[in-house]
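Below is one structure, written out as structure tokens, with a few remarks after it.
Below, chain A is the first sequence line, B the second, and so on; all start at residue 1. Only this structure's heavy atoms are used, side chains among them; waters, hydrogens and symmetry mates stay out.
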Number of protein chains: 2
Amino acid sequence: MSDSNPSPTTQTDDRRAAIIDATVESFGKLGYYGTSLQRIATEVGLTKAGVLHYVGSKEGLLSLVLGEVYDRETLDIMAAMVTERRPLIADMWRRIVTVNAKRPALVHMFSTLSAEALDPEHPAHDYFADREHQAVSNAMNINWCVPDGVNVEHVLQAGFSMMDGLQLRWLRTPGQDLTTMWADCEDVLMPLPMWDGYR
Amino acid sequence: MSDSNPSPTTQTDDRRAAIIDATVESFGKLGYYGTSLQRIATEVGLTKAGVLHYVGSKEGLLSLVLGEVYDRETLDIMAAMVTERRPLIADMWRRIVTVNAKRPALVHMFSTLSAEALDPEHPAHDYFADREHQAVSNAMNINWCVPDGVNVEHVLQAGFSMMDGLQLRWLRTPGQDLTTMWADCEDVLMPLPMWDGYR
DNA sequence: GTCTATAGTCGGATAGAC
DNA sequence: GTCTATCCGACTATAGAC
């Protein structure tokens with residue numbers, strides 16, 4: 001085959017990928033309001049006009065990174081849990097932590113945007129509100145295997161809250177291992193002997 | 001007394017208070033980078049130059065709101081715990097929650113700035129890094145009354161993380177009661193019967 | 001598809017009048 | 001103590017050349 005392109009529109013896809021990478025980093029560091037098209041353009045070696053050709057507008061940047069990424073892997077984890085014979089909440093969280101530990105830039109962006117988007121007028125407010133609601137409501141559709149007497153919804157709310165807060169701590173101090181930090185949290189969240197055999 | 005001023009420099013203090021209020025709200029909604037001096041000026045009925053007369057620079061705004069407020073009440077709570085005969089971690093958290101439930105604007109600002117300041121180059125990065133570290137290390141100096149076998153440091157890390165995450169959830173959806181939300185979290189964080197008599 | 005050029009607005013900060 | 005005026009730079013977005 002003389003075709004050196006493994007797939008069509010590869011150059012355009014590369015540009016998009018570069019724009020996504022630069023945007024994830026900048027939204028993480030500076031937030032949506034703090035990020036300028038010029039910064040993204042400089043990072044990927046284009047002019048502002050060049051970037052706008054790809055994303056249409058600044059809000060287009062936001063749609064790009066919110067729609068293209070993050071939740072895909074997490075949703076896969078949830079889907080996998082449904083098919084388990086004996087689904088454990090601790091398993092779900094450990095898998096999420098394992099995935100997130102490998103993508104600090106993405107976690108950084110989501111942490112920053114999540115706080116910025118508390119304001120109802122933020123362009124990503126609804127996205128984060130829906131997301132937060134669905135994380136728990138999706139998880140509530142699984143027939144979790146838990147010790148007698150525990151309130152599953154409360155555990156989920158508490159655990160997701162804890163993970164959000166822990167990720168902030170993880171990102172603030174370099175050199176820490178999220179997996180280890182979560183293991184300590186898990187001991188608190190699902191203490192033995194109460195959760196013995198359930199995690 | 002013909003002096004209608006109850007204390008000197010009252011007008012200046014009022015201006016400062018108005019600037020603080022407007023800044024807390026704007027930093028919460030838009031973050032530090034997203035806030036303009038013009039916005040603060042309009043809010044308090046001054047021009048940009050007028051605001052700068054009081055705060056010197058945009059970073060002066062930041063110092064003003066970080067130094068003037070938030071941690072004071074929380075530190076008071078910690079100081080009070082030291083003197084208790086039988087200090088309970090759950091008590092500390094309930095008191096913090098009670099205080100924060102009454103000042104959503106301040107909690108909003110701290111949540112937003114805390115995420116924005118993950119970036120080491122953010123002007124408030126060190127402030128938040130120190131603050132986060134000291135919250136746990138201050139608490140570790142108290143002789144907490146806990147059930148046998150619990151790791152106090154892990155509980156503190158987990159609990160503070162959970163509270164940070166919970167406050168984001170609280171602020172995102174209006175009409176919720178932080179105290180109630182925390183009570184549910186407490187049941188998870190310090191489950192009965194293990195923590196019976198310790199909370 | 002990417003550029004230059006430009007429009008038009010808004011940013012922080014300073015100088016100096018009152 | 002607060003204003004007006006002004007500087008200079010950065011911003012988003014558009015138009016049009018190539």
Determine all donor-acceptor pairs shorter than 3.5 Å in which one atom belongs to a side chain in residues 75-85 of chain B; sequence neighbours excluded.
from	atom 1	to	atom 2	distance (Å)
B:Thr83	OG1	B:Ala80	O	2.9
B:Glu84	OE2	B:Arg95	NH1	3.4
B:Glu84	OE2	B:Arg95	NH2	3.1

Pairs of donor and acceptor atoms involving the side chains of residues 192-199 of chain A, under 3.5 Å and at least two apart or interchain, shall be tabulated with distances.
from	atom 1	to	atom 2	distance (Å)
A:Arg199	NE	A:Met190	O	2.8
A:Arg199	NH1	A:Glu186	OE1	2.8
A:Arg199	NH1	A:Asp187	OD1	3.4
A:Arg199	NH2	A:Asp187	OD1	3.2
A:Arg199	NH2	A:Met190	O	3.4

Sequence neighbours excluded and cut-off under 3.5 Å, please list the side-chain donor-acceptor pairs for residues 44-52 of chain B, or say none.
from	atom 1	to	atom 2	distance (Å)
B:Thr47	OG1	B:Gly50	N	3.2

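With hydrogens and angles disregarded, no donor-acceptor distance shorter than 3.5 Å links the side chain of B:Trp182 to the backbone of B:Met163. A distance-only check finds no donor-acceptor pair linking the side chain of B:Ser111 to the backbone of B:Leu168 [under 3.5 Å]. A donor-acceptor pair is defined here as one N or O able to donate and one able to accept, closer than 3.5 Å; such a pair exists between the side chain of B:Thr35 and the backbone of B:Ser26.
Two residues are said to be in side-chain contact when any heavy atoms from C-beta on lie closer than 4.5 Å; A:Phe110 and A:Leu66 meet this criterion. B:Leu64 is not listed as a side-chain neighbour of B:Tyr54, based on a closest heavy-atom distance of 4.5 Å or more.
In the helix from C:dG1-D:dC18 to C:dC18-D:dG1, the rotation axis of the first five pairs and that of the last five pairs differ in direction by 0°, rounded to 10 degrees.
Residue pairs meeting the salt bridge (Lys or Arg N to Asp or Glu O under 4.0 Å) criterion with at least one member in residues 121-131 of chain A, sequence neighbours excluded, are A:Asp71-A:Arg131. Among residue pairs with one or both ends in residues 151-164 of chain B, those qualifying as salt bridge (Lys or Arg N to Asp or Glu O under 4.0 Å) are A:Arg169-B:Asp164; sequence neighbours excluded. Applying the salt bridge (Lys or Arg N to Asp or Glu O under 4.0 Å) test to pairs two or more places apart or on separate chains, those with a residue in residues 100-119 of chain B are B:Glu73-B:Arg103.
B:Thr98 pairs by the side-chain hydrogen bond (donor to acceptor under 3.5 Å, both in side chains) definition with nothing, not counting sequence neighbours.
Of the residues in residues 51-58 of chain B, those with a non-hydrogen atom less than 4.0 angstrom from any atom of DNA chain D are B:His53, B:Tyr54. Near DNA chain C, meaning a heavy atom under 4.0 Å from it, residues 22-37 of chain B has B:Thr35, B:Ser36, B:Leu37 in order of number. Of all the residues in residues 38-49 of chain A, A:Gln38, A:Lys48, A:Ala49 reach under 4.0 Å from DNA chain D with at least one non-hydrogen atom.
Geometric assessment of B:Lys58 against the ring of B:Tyr33 yields a negative cation-pi assignment under the 6.0 Å and 45° thresholds.
Within a 6.0 Å sphere centred on CG of B:Asn143, heavy atoms belonging to other residues, nucleotides or ligands number 12 at most.
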inquiry  = Could you walk me through whether A:Thr42 and A:Gln38 satisfy the side chain to side chain donor-acceptor pair (under 3.5 Å) test, starting with their C-alpha distance in whole Å, then the side-chain angles of each, then the deciding distance to 0.1 Å, before giving a yes or no?
reply    = CA-CA 6 Å; A:Thr42 303; A:Gln38 180 62 67; 3.0 Å; yes
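Taking a heavy-atom distance under 4.0 Å as the criterion, the stretch of DNA chain D touched by chain B extends 5' to 3' from D:dG1 to D:dT4.
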